[in-house]
Amino acid sequence: MSEKILIIGANGQIGTELVKALRNIHGAEAVIASDIKSPAYAIRNSGPYEIANVLDRDNLHHIFEKHRPTQVYLLAAILSAVGEQKPKVAWDLNMTGLLSVLDFAVEFKVAKVFWPSSIAVFGPHSPQHDTPQYCVMDPNTVYGFSKLAGERWCEYYFEKYGLDVRSIRYPGLIGWRANPGGGTTDYAVHIFHEALKTGKYESFLSAGTALPMMYMDDAIRATITLMDAPADTLSIRSSYNLGGISFNPEQLADEIKKHIPNFEMSYVDSDPRQAIADSWPKSIDDSYAQKDWGWQLEFDLAKMTADMLVNLKTII
Ligand code: AKB
């Protein structure tokens, strides 16, 4: 069957990479990118594009009707730090957008839907080390509990309507093609830009704040592997834990210094994102992803840092 893939939120950090990867696999015409604004530079003129606001239900319905997608990736979301500044807007966008897409996916018989969850679904009472798939979850950010509620809705649509929804709890993502927008893990991307541009960086998280992170190449490979997995191998229809690499700002700075010896790192005295980071896991157990769809990480801290610097240098 030839695929028709709709990516909603294509201009974001994951979207720009995913559009590129899926167009390489399926051909440009098979992948319809869409976002609220005109296309990001990285995906401009590379294939079909629709302006879509996930809160405009009529327009979204029209796009489903026009393209009849076989797969939909819903990536539009407000992340953790911005979500705390605009809690109601974040809840509305993250939930209403998801429910509309799930409804239209059922109505238009979409074969598979992907929706990203996050390590933000865990909270201060979740185990912080090797956080398991199933445990206490008490997220205290709007982003976190919108993701947790979204996971429950995904599983519900799978159980009640047979919709083939698949999801990953992404760690903080690090890539060179696109910037993250408003998250708590954003420091781990900004640090590379500043290291190359100015040779110094002031981190908004403290030196010892370890978080699970992942290089974008691994994240895109994980997403496509999960979407290609036979449906009957998947035991989780809420969202899969994905571990990635666990490191803190000081360890990342030390790794960057191996390439840029004069790089200087400093730390702000206080930042609201610190409390969010403190409520999240430090490392994640992803054994279900390994067992169900053969997940294996490729990029460790050293490999990621080297690759990130080489590639970022070519575009800044
Ligand atoms: C954020 O920091 O909000 C995101 C995430 C971990 O989901 N990068």
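Along the sequence shown, residues are numbered consecutively beginning with 1. For the numbers below, each heavy atom of this structure counts, side chains included, while hydrogens, waters and symmetry mates do not. Order of appearance sets the numbers: ligands from 1, and atoms from 1 within every ligand. Keep in mind it's a predicted model, so treat the numbers as computed, not measured.
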What atoms of ligand 1 come within less than 4.0 Å of a heavy atom belonging to Trp280? 1 (C), 2 (O), 3 (O), 6 (C)

Ligand 1-proximal atoms of Ser80, by part, heavy-atom distance under 4.0 Å: both

Where is the nearest protein heavy atom to atom 8 (N) of ligand 1: which residue, which atom, and how far? Thr185 OG1, 2.9 Å

Atom NZ of Lys20 with >12 non-hydrogen neighbours under 6.0 angstrom: no

Residue, atom and distance of the protein heavy atom nearest atom 2 (O) of ligand 1 read Thr184 N, 2.7 Å

Would you call Phe122 and Cys135 a side-chain contact if the rule is heavy atoms closer than 4.5 Å? yes

Any idea which atoms of ligand 1 are less than 4.0 Å away from a heavy-atom of Ser118? 5 (C), 6 (C), 7 (O)

List ligand 1 atoms under 4.0 Å from Leu79, heavy atoms only on the residue side. 3 (O)

So Tyr49 and Asp35, side chain to side chain donor-acceptor pair (under 3.5 Å) or not? Walk me through it. CA-CA 8 Å; Tyr49 192 87; Asp35 209 309; 5.0 Å; no

Heavy atoms, side chains only, cut-off 4.5 Å: are Ile236 and Tyr134 in contact? yes

May I ask you to check whether over 12 heavy atoms, not counting those of Tyr156, lie within 6.0 Å of atom OH? no

Enclosure of Asn24 CG (heavy-atom neighbours >12, cutoff 6.0 Å): yes

Any N/O pair Tyr170/ligand 1 closer than 3.5 Å: no

If you measure every N/O of Tyr143 against every N/O of ligand 1, is any gap under 3.5 Å? yes

